[in-house]
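Chain naming here is simple, since letters A, B, ... match the order of the sequence lines and numbering starts at 1 in each.
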Amino acid sequence: METFQARLARKLADALAAADLPQAGDVTPATDPRFGDYQTNAALVLAKQRGENPRAVAQRIIDKFDVAELCELPQIAGAGFINLTLRSDALEEQTSGLLHDERFGVATAATPKRIVIDFGSPNVAKPMHVGHIRSIVLGDAMARIAQFLGHDVIRDNHIGDWGTQFGMVIWGWKNLLDREALERGPIAELVRVYKATNERSAADPAVRDACREELVKLQGGNAENFAIWQECVGLSMREFARAYELLGIRYDIQRGESFYNDRLPGIVDRLLNSGLAEISEGAVCVFFRDIPELADKPCIIRKSDGGFNYATTDIATVDYRLDDLHRDTVWIETGAPQQLHFRQIFEIARREGRHADFRHITHGNILGEDRKLMKTRSGENVALQDVLDEAIVRARKIIEEKNPDLDEAEKARTAHIIGIGAIKYADLSQFRMTDYIFSWDRMLSLQGNTAPYLQNAYVRIRSIFRKAGVDDNSAESVTLIEAAERNLAKRLCQFAEAVPSVLNDFRPNILANYLFELANSFHAFYEACPVLKSEEPARSSRLALCGLTARVLQRGLDLLGIEVPERM
RNA sequence: GCGCUCAUAGCUCAGCCGGAUAGAGCAUCGGAUUUCUAAUCCGACGGUCGCAGGUUCGAGUCCUGCUGGGCGCGCCA
């Protein structure tokens, strides 16, 4: 089923062709209810191109604009806009068509992509902190939406499991480890050991050299060090898995940096042989002399001491994703600080003749109430686990207040759904590039553009169905009489317009905003239009609208990685 | 110094390709309910879109410069 927007755009294209005009302009939802439901600026664009009167061009278009089955008579307004008002029967028919459509009118992509999406990417032997939320939540939402649109998606966790820090981790493990503490809290103990080693190594050159020695042994394949490293990775992965479980995140593959180790020498050779890389000050570098912004920013792929760094690893990762995973699209969702790095990696891939679509999807920071990077009182990163736990505790408190009669199991389940949903939604409802200020009160508020508000709309609908004594409704069509019904129906039809536009520029907040407006329209409908108390045929029609709204809310939130409770 | 990014109402934020009188939420004020969950709805108040130029029928949006914040800039990842 095609959206109104798509159908009208097609009709517009036909009209332009019939009027001997070039294709121009587009069809968008009306900016104001006074202008109808949709509008097009085609006449304005064409008039500008051709130096003609916009309203006259608009009239030429309208003369050929065959939309009688969808709209009332098109109106010319303002400078030369063409305003379109949907006919009620067209809206009824479209909405009715959604009642039994599991995709709610969302078309699958015309050309499915083979995407790998890299998000989350925590470091081994370090706890995940609030900063990881954005990458995880944004990446997961992109993956869900891309998949729903019919793309072939592989979710990859590019874990930081290799690097110079392991020299210190291993030395600390051998000299400072408290086994009991490790049992109690593996990551916490690893962090303690790492920090202590760091301090000693800063103060004592002998320790520093010893750490370097341990690193060399690890990289050289020393069995003892390798075993320690493996154990660190295992402990970390187990702790990550717990957080992912809580967040409802899953990965298809988790390829750490170490996975690419044996590919690194070959890459450096290849780039040297092809002349893309050269030796400079003892290091192997790729220069970008023809790109002004990168001219003085070479990418080092082998250090002067012979070691490789993460640039080499990321080139190997590109190889793997294209050659082994057969991807044609690579999305990397990490923070903005790595922009230069990925610009270089993508540029190298381009120079090597790679034709995949590479995107580095960045995001802003999470700030505390003081507008600075969110930290604990003592200046530490705020642990992700603590944030998730607190969200659930706070949600639980609200549920106890509002709905104390729920049984224990449902309270716990609902607190989880609301707490985690609130955190995710706070992130996703905002444009990803802007820094946002973390506020429990705002994200858990039941009013405004929040997860609980949306979840509540769903809950109210479920309540209606419980009272009605049916679990779904088998209505085949809706009838739209009241303005609030019409408004709600139009919103429901626009789900199929909102979802694909998210991938335009990776803006899940478009979907979040849509859902907020849908919930808003529903609440207005709920106030104005009694459902169960109304007479047939309005009753069945309204029940059908309720059911459809609930399913769209549920699906929309699911695409954002957020669940809905039955009661709250 | 160079590069990237952000700056919109008292506060938190939308505004994707340039389109009509710049929109929400919170806060404030005023209304609506013996409810299908008021956990809601309706209304009012509130803006020199950081500043200055430019492009054009039209600029929050594009270009240039400036101010302010964040981040990055050869051997950490």
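Rounded to whole Å, atom P of B:G15 lies 13 Å from atom CG of A:L511. The distance between atom CG of A:L367 and atom C1' of B:U5, rounded to the nearest whole Å, is 14 Å. Taking atom CZ of A:R302 as the reference point, atom C1' of B:G74 lies 15 Å away to the nearest angstrom. As a whole-Å value, the separation of A:I300 CD1 from B:C75 C1' is 4 Å. Summarising the geometry, the separation between CE on A:M443 and P on B:C13 is reported as 11 Å, rounded to the nearest angstrom. The CD atom of A:Q338 sits 10 Å away from the P atom of B:C73 (whole-angstrom rounding). One interatomic measurement links the two molecules: CG of A:D505 to P of B:U61, which rounds to 18 Å at whole-angstrom precision. Whole-Å rounding puts the A:F516 CZ to B:G15 P distance at 14 Å.
Aromatic stacking of A:F35 on B:A20: satisfied, with centres closer than 5.5 Å and planes within an angle under 30 degrees. Stacking between A:F81 and B:G19 is absent: the ring centroid is not both under 5.5 Å from the six-membered base ring centre and under 30° in plane angle.
In the interface, the side chain of A:D26 is paired with the base of B:C17 through a donor and an acceptor atom under 3.5 Å apart. Within 3.5 Å, no donor on the side chain of A:D161 pairs with an acceptor on the base of B:A77, nor the reverse. With hydrogens and angles ignored, no donor-acceptor pair under 3.5 angstrom links the side chain of A:E257 to the base of B:A77.
Nucleotides B:A9 and B:G47, compared at atom C1', are 5 Å apart to the nearest Å. For the P atoms, the distance linking B:G53 with B:A44 amounts to 35 Å, nearest Å.
Pairing of B:C41, defined by two Watson-Crick or G-U wobble distances under 3.5 Å, is identified with B:G31. For B:A24, the paired base is B:U12 (Watson-Crick or G-U wobble, both distances below 3.5 Å). Base pairing annotation: B:G53 forms a Watson-Crick or G-U wobble pair with B:C63, both donor-acceptor distances under 3.5 Å. When both pairing distances are held under 3.5 Å, B:G18 makes no Watson-Crick or G-U pair with any nucleotide shown. With a cut-off of 3.5 Å on both Watson-Crick or G-U wobble distances, the partner of B:G74 is given as none.
A:Y526 has no side-chain polar atom (N or O) that falls below the 4.0 Å cut-off from OP1 or OP2 of B:A39. Phosphate contact (OP1/OP2 of B:A39, side-chain N/O of A:Q447, threshold under 4.0 Å): absent. For the pair A:T434 and B:A14, the criterion of a side-chain N or O lying under 4.0 Å from OP1 or OP2 is met. Between B:C11 and A:R442, no contact under 4.0 Å exists linking OP1 or OP2 to a side-chain N or O. Regarding contacts with the backbone of B:A14, every side-chain N or O of A:N449 stays at 4.0 angstrom or more from both OP1 and OP2.
A salt bridge between A:D427 and A:R134 is present, with a side-chain N of the basic residue lying under 4.0 Å from a carboxylate O of the acidic one.
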Write down the protein N/O and nucleotide N/O pairs, taken from nucleotides 65-69 of chain B, whose separation is under 3.5 Å; answer none if there are no such pairs.
none

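A:R567 comes within contact range of at least one nucleobase, with a heavy-atom separation under 4.0 Å. Residue A:N403 is in base contact, counting any heavy-atom pair closer than 4.0 Å across all strands shown. As judged by a 4.0 angstrom heavy-atom cut-off over every strand, A:A468 is placed among residues making no nucleic acid contact. Using a 4.0 Å heavy-atom cutoff across all strands shown, A:Y436 reaches sugar-phosphate atoms only and no base atom. Within 4.0 Å of A:R34, counting heavy atoms only, lies at least one base atom of the nucleic acid. A:G78 comes within contact range of at least one nucleobase, with a heavy-atom separation under 4.0 Å. Contacts of A:T450 with the nucleic acid, taken as non-hydrogen atoms under 4.0 Å apart, are absent.
No donor-acceptor distance shorter than 3.5 angstrom exists from the side chain of A:R263 to the backbone of A:I315, with no hydrogens or angles considered.
With a 6.0 Å radius and a threshold of 12 heavy atoms from other residues, nucleotides or ligands, A:E535 has its CD atom at or below the threshold.
Take A:K467 and apply the side-chain contact (heavy atoms from CB on, under 4.5 Å) test, not counting sequence neighbours, and it matches A:L532.
Nearest-nucleotide mapping onto RNA chain B: of A:D296 and A:N41, the residue sitting toward the 5' end is A:N41.
Under 3.5 Å, the side chains of A:K375 and A:N381 contain a donor-acceptor pair of N or O atoms.
Here the side chain of A:N309 is nearest to one of B:C4, B:G70, B:A77, namely B:A77.
Of the residues in residues 44-58 of chain A, those with a non-hydrogen atom less than 4.0 angstrom from any atom of RNA chain B are A:L44, A:V45, A:K48.
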